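To start, the structure under review is shown below, and the notes come after it.
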Number of protein chains: 2
Amino acid sequence: MRNKKAPHISVAIDCIVFGFDGSDMKLLLIQRGFDPERNKWSLMGGYVDEDESVDAASGRILENLTGLSGVYLEQLHTFGSVKRDTNERTISITYFALIDIAKYKQQLSADYHAEWFPVNNIPKLIFDHNEMVEMAKKRLQYKAALHPVVFELLPEKFTLPQIQSMYDAIYEVNFDKRNFSRKLLSTGLLIKLNEKDKMGSKKGAFYYTLDKDKYEENLFKIFSLIITPDHLQF
Amino acid sequence: MRNKKAPHISVAIDCIVFGFDGSDMKLLLIQRGFDPERNKWSLMGGYVDEDESVDAASGRILENLTGLSGVYLEQLHTFGSVKRDTNERTISITYFALIDIAKYKQQLSADYHAEWFPVNNIPKLIFDHNEMVEMAKKRLQYKAALHPVVFELLPEKFTLPQIQSMYDAIYEVNFDKRNFSRKLLSTGLLIKLNEKDKMGSKKGAFYYTLDKDKYEENLFKIFSLIITPDHLQF
DNA sequence: TCAAAAGTGTTCAACGTACACCCATGA
DNA sequence: TCATGGGTGTACGTTGAACACTTTTGA
């Protein structure tokens with residue numbers, strides 16, 4: 001009951017950071033610098049301070065450990081088994097972040113020892129962090145099915161092959177590129193630029209950019225144009 | 001960082017209980033029996049014990065305050081503003097429950113002072129509990145769009161008008177009953193019984209029951225037959 | 001007999017899916 | 001010149017949406 005004294009339980013945050021590099025989905029991990037479990041791979045974690053909200057804590061902790069700030073962060077789930085942390089009773093509130101790898105490349109590699117791993121080849125992580133990652137992958141699938149959050153993973157301008165690779169990676173499928181581009185363009189949310197990306201091919205692929213105004217207005221109607229429930233892993 | 005000492009933050013649970021009575025969606029509330037905020041309406045809450053998981057705590061707290069056990073409970077979100085609890089720094093991990101009101105009616109009214117309120121007419125609640133309820137309503141919409149969890153709200157046998165009322169209530173729309181019943185029956189998941197419910201009308205409506213085997217098998221493919229993204233409130 | 005809710009079918013437009021070839025370019 | 005990836009169109013079946021009348025029966 002609320003009027004009894006609260007037992008002591010520590011409150012931590014762990015951040016699951018997804019990135020997209022133009023062709024693959026990646027996950028950001030750090031090597032733990034202290035005992036226990038020193039040198040094992042881990043998510044970015046830390047304790048919530050007494051005078052900060054848990055949302056604020058997630059941003060602070062991510063920035064401390066990776067230098068990343070201003071990224072899209074959303075609460076995922078709170079993990080609270082009794083023995084999940086081998087050290088002391090700790091619950092962990094997890095957040096996931098979506099970023100465009102290229103945009104933050106320099107910030108990251110300069111001072112921090114974080115590394116990108118392909119989402120389908122994650123090493124063994126400390127505690128229950130692998131479970132957290134699995135849940136985050138599923139949540140991303142759900143979220144992306146109904147919300148255009150995934151544009152957070154893309155640079156300002158991007159090509160159709162890039163955005164399709166992103167969806168292919170998130171849902172672990174291969175969409176038909178003819179149907180995919182038709183559906184995507186039919187939203188009217190993409191503006192074609194007079195400029196090509198020549199990185200990916202000799203012919204080059206046209207860049208597109210988000211029509212921000214329409215994007216705000218139509219936040220709702222847009223998706224599930226792309227994804228049907230068949231694509232979700234239950 | 002993980003190696004610093006954790007500050008003291010209390011960890012509480014709050015449960016948002018949705019019920020369906022055959023025609024309306026309801027929310028279960030209790031009147032707080034202690035200060036501060038004595039006698040104000042509130043969700044069912046309590047502290048997590050040091051030696052129990054947060055999932056276990058949610059079940060225990062719900063049972064303590066309402067007598068309900070064995071109900072569908074799912075974690076919703078963790079609320080963690082600094083001043084959300086006016087008493088001491090407390091984060092609240094919220095869970096939502098789905099129950100068939102009739103099934104638990106006796107359990108509830110006997111010993112507990114909990115009351116059902118229509119979801120569209122909730123009183124002012126303590127702390128940030130109204131916000132929690134709003135989030136739970138949205139989550140239920142999302143969840144029900146892709147998962148058949150809503151059968152948790154129905155009795156063993158139910159009529160087509162009842163299940164449609166439920167969807168109408170969750171999405172705050174009025175589905176066309178011809179289209180609705182065709183879609184629902186096309187899943188092949190409902191078994192028509194040779195028995196009618198005469199409560200709702202003179203003619204009576206046939207009872208249906210879930211084909212449990214098929215239900216297990218097809219957990220995934222089923223929904224979004226009913227709901228399209230247009231129905232979601234963003 | 002009538003009021004009230006249950007139950008049922010058809011038509012049309014929109015959408016999803018499958019599928020194959022040409023284009024532009026740099027090496 | 002050729003290998004590589006980019007870009008486009010059509011045809012068909014399925015699905016979603018709009019729509020109105022008949023049935024049953026208790027009061």
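By convention in this document, chain letters (A, B, ...) are assigned in the order of the sequence lines, proteins followed by strands, and residues within each chain are numbered from 1. Note that the structure is predicted; figures quoted are calculated from it, not measured.
Using a 4.0 Å cut-off between charged side-chain N and carboxylate O, A:Lys137 and A:Glu134 make a salt bridge.
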Side chain to side chain contact (heavy atoms under 4.5 Å, CB included), that's the test. Do B:Leu190 and B:Phe158 meet it? Break it down for me. CA-CA 10 Å; B:Leu190 299 189; B:Phe158 47 82; 3.8 Å; yes

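Atom CG of B:Asp176 is separated from atom P of C:dT8 by 14 Å (rounded to the nearest Å). As rounded to whole Å, 10 Å separates atom C1' of C:dA6 from atom NZ of B:Lys192. Rounded to whole angstrom, the span from the NZ atom of A:Lys177 across to the P atom of C:dA18 amounts to 16 Å. Atom CD of A:Gln164 and atom P of D:dT8 are 13 Å apart (whole Å). When rounded to the nearest whole Å, the span between NZ of A:Lys196 and P of C:dC23 equals 13 Å. For the pair A:Glu195 CD and D:dG6 C1', the interatomic distance rounds to 17 Å; values are reported in whole Å. Per the geometry, CG belonging to A:Asp197 stands 14 Å off C1' belonging to C:dT25, to the nearest Å. Distance A:Gln162 CD to D:dG6 C1': 13 Å, rounded to the nearest Å.
With rounding to the nearest 0.5 angstrom, the CZ atom of A:Phe206 is 10.0 Å from the CG atom of A:Leu193. Here the CG-NE2 distance, from A:Leu65 to A:His113, works out to 12.0 Å after rounding to the nearest 0.5 Å.
At a cut-off of 3.5 angstrom, the base of C:dG7 holds no donor-acceptor pair with the side chain of B:Lys203. Residue B:Arg178 places no side-chain atom within donor-acceptor reach of the base of D:dA18, judged by atom type and a 3.5 Å distance cut-off alone. With hydrogens and angles ignored, no donor-acceptor pair closer than 3.5 Å exists between the side chain of A:Lys202 and the base of D:dT4. For a distance-only test at 3.5 Å, the side chain of B:Arg182 qualifies as a donor-acceptor partner of the base of C:dG9.
In the set C:dA24, D:dC19, C:dA18, the nucleotide with an atom closest to the side chain of A:Asn179 is C:dA18.
A distance-only check finds a donor-acceptor pair linking the side chain of B:Gln31 to the backbone of B:Asn39 [under 3.5 Å].
At the phosphate of D:dG6, neither OP1 nor OP2 sits under 4.0 Å from any side-chain N or O atom of A:Lys198.
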